[in-house]
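I'd like to ask some things about the structure below.
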Number of protein chains: 2
Amino acid sequence: MTSTAARLTGTKGVARADREQQIVAVAGEVFAERGFALASVDEIARRAGISKPLIYNYFGSKEGLLAACLAYAGTLVADEIERTARLGEVGLARALVSLDGLFRALEPAPWTWRLLNDPTVPGGPELDPVLATYRSRMAALSADGVGELMRLAGDDDPADTDAMTAVWTSVLDALVTWWLDHPAETPEQMSRRCVRLFAAVLGPVDVDLPGRSG
Amino acid sequence: MTSTAARLTGTKGVARADREQQIVAVAGEVFAERGFALASVDEIARRAGISKPLIYNYFGSKEGLLAACLAYAGTLVADEIERTARLGEVGLARALVSLDGLFRALEPAPWTWRLLNDPTVPGGPELDPVLATYRSRMAALSADGVGELMRLAGDDDPADTDAMTAVWTSVLDALVTWWLDHPAETPEQMSRRCVRLFAAVLGPVDVDLPGRSG
DNA sequence: GCGCGGTAAGTTACCAGGAAGTCATATCAA
DNA sequence: TTGATATGACTTCCTGGTAACTTACCGCGC
């Protein structure tokens with residue numbers, strides 16, 4: 001009675017690289033859903049259709065798995081924001097272009113954002129390097145954009161710039177999170193909404209978001 | 001040889017109401033520090049100098065203890081914001097007065113804010129009522145202030161108002177959190193900083209924050 | 001003044017369950 | 001056969017929660 005359906009052990013012919021990618025995708029979702037601290041490796045294994053020891057074979061520990069997820073997510077997000085930064089827009093237009101790019105980049109893997117902003121990820125020698133890399137890339141971008149804004153306003157207090165960076169980061173987070181909570185909204189609609197919101201606070205603005213086809 | 005120091009069991013002459021207040025204060029700190037999910041009742045008991053079962057005698061469960069902390073924190077914050085709302089300021093001035101009041105109200109118990117924004121608190125019949133009360137009070141305030149802003153800007157899309165509320169809440173959170181991370185800053189300094197930050201984005205503003213004595 | 005019982009305040013020792021991580025083992029391709 | 005892919009069963013530890021017990025205070029009859 002060794003039916004194919006009953007075959008429970010042994011190789012399933014999936015190469016390690018493929019399996020790792022699949023596990024990272026599932027783990028990212030679960031981590032983002034429950035928060036790292038409350039997510040269980042068992043659940044990740046169940047949802048990926050494999051067993052827990054395989055995860056430990058490949059990633060060493062729960063934190064090692066998280067490190068892989070964070071590396072993927074951090075690269076995705078930071079690459080995108082650096083790309084939009086290179087477009088050369090300044091001030092408000094730069095902010096809107098960043099948001100637009102972010103919505104598009106996040107669409108295929110919305111869990112990345114929640115994961116990068118998960119307050120329950122612990123410190124530790126395994127996570128610190130990857131988190132530091134991501135955070136320093138983002139801090140450089142923010143300091144760039146926000147610093148320019150503050151210089152324009154004639155405010156050169158570094159603590160003010162620091163606080164303003166925190167505010168801008170948080171606005172970004174609020175908009176992305178709102179979007180994640182309204183999945184029916186397309187990136188295009190969301191970008192237009194952002195333009196309206198900025199206009200409500202700052203007065204009329206005009207920017208033409210790039211990359212819209214058709 | 002029944003020395004006073006060796007007396008480990010039995011009453012210590014502390015009335016229940018006092019003990020409950022003390023436990024709530026300690027629990028609030030620990031919950032805010034670690035997040036509800038990662039905080040342990042044992043640690044709270046140790047830091048309060050009592051034993052775990054006493055907490056269960058008084059609060060029934062970990063969630064019951066959290067409910068008491070949230071009721072305290074929610075009342076503190078919502079009362080304060082409602083008070084500043086009644087001052088009758090509008091628009092930007094209202095925002096700054098709210099922030100100023102919030103900084104002053106939070107100073108003696110900074111943990112309240114982190115607790116109310118802790119993403120790891122679960123739902124459940126014990127927490128939902130107290131959280132719903134707090135959130136509906138805050139939502140009413142936000143909808144009031146943000147709604148006015150949106151009407152002024154001629155934007156009557158309810159989804160826009162909803163998103164803008166999320167953004168404003170998040171800005172509030174960012175500023176308070178930045179302040180909690182810089183404990184040397186007094187509420188007065190922080191309020192002045194907020195005025196500068198708003199000015200950097202919106203252009204010159206003038207408001208006189210009330211309640212400054214001396 | 002003084003035993004005395006009821007009750008509030010408080011503790012030690014324990015249980016049940018869940019999650020991280022490990023080990024011996026099984027299957028299959030080359 | 002060997003090595004990579006894979007698993008069931010296990011240990012270990014931590015945490016929420018409980019049972020049983022101890023100590024101190026307080027009102028009351030005498």
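Reminder, nothing fancy here: chain letters follow the sequence lines and each chain counts from 1.
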Polar pair under 3.5 Å, donor/acceptor by atom type, side chain K52(B), base dG17(D): yes

Y56(A) side chain near dC23(C) phosphate (N/O to OP1/OP2, under 4.0 Å): no

I44(A) CD1 to dA19(C) C1', straight-line distance once rounded to whole Å: 12 Å

Touch class at under 4.0 angstrom, heavy-atom based, for F59(A) against every strand present: nothing

Euclidean distance, atom CG of residue D42(A) to atom C1' of dG17(C) [Å, nearest integer]: 13 Å

Protein-nucleotide distance (L38(B), atom CG; dG18(C), atom P), rounded to Å: 18 Å

Sugar-phosphate, base or nothing in reach of A37(B), heavy atoms under 4.0 Å: nothing

K62(B) NZ to dC14(D) C1', straight-line distance once rounded to whole Å: 12 Å

Phosphate OP1/OP2 of dG10(C): any R19(B) side-chain N/O under 4.0 Å: yes

Parallel, tilted or perpendicular: ring planes of Y72(B) versus W111(B), cut at 30 and 60 degrees: parallel

Selected nucleotide, minimal atom distance to S40(B) side chain, candidates dT15(D), dG10(C), dA6(D): dT15(D)

Donor on one side chain, acceptor on other, R19(A) and Q22(A), under 3.5 Å: yes

Shortest side-chain distance from V14(A), nucleotide among dA20(C), dG16(D), dA6(D): dA6(D)

Sugar-phosphate only, base, or nothing, as touched by S51(B) at under 4.0 Å among non-hydrogen atoms: base

Spacing of L54(A) atom CG relative to dG21(C) atom P, expressed in whole Å: 16 Å

Minimum-distance nucleotide (side-chain atoms of R16(B) versus dA9(C), dG10(C), dG17(D)): dA9(C)

Minimum-distance nucleotide (side-chain atoms of Y58(B) versus dG8(D), dA9(C), dA13(C)): dA9(C)

Min side-chain heavy-atom separation Y134(A)-L70(A) under 4.5 Å: no

Atom pair distance, as rounded to whole Å: CD in E43(B) and P in dC14(D): 14 Å

Shortest non-hydrogen contact from A93(A) toward E89(A): CB-OE1, 3.4 Å

Which atom of K62(A) lies closest to which atom of F36(A), heavy atoms considered: NZ-O, 3.0 Å

Which residue lies more 5' along DNA chain D, comparing G60(B) with A15(A) via nearest heavy atoms: A15(A)

Sugar-phosphate, base or nothing in reach of A45(A), heavy atoms under 4.0 Å: nothing

Length of the line joining L66(B):CG and dG16(D):P, which is rounded to integer Å: 12 Å

For atom CG of N57(B) and atom P of dT7(C), their distance in whole Å: 16 Å

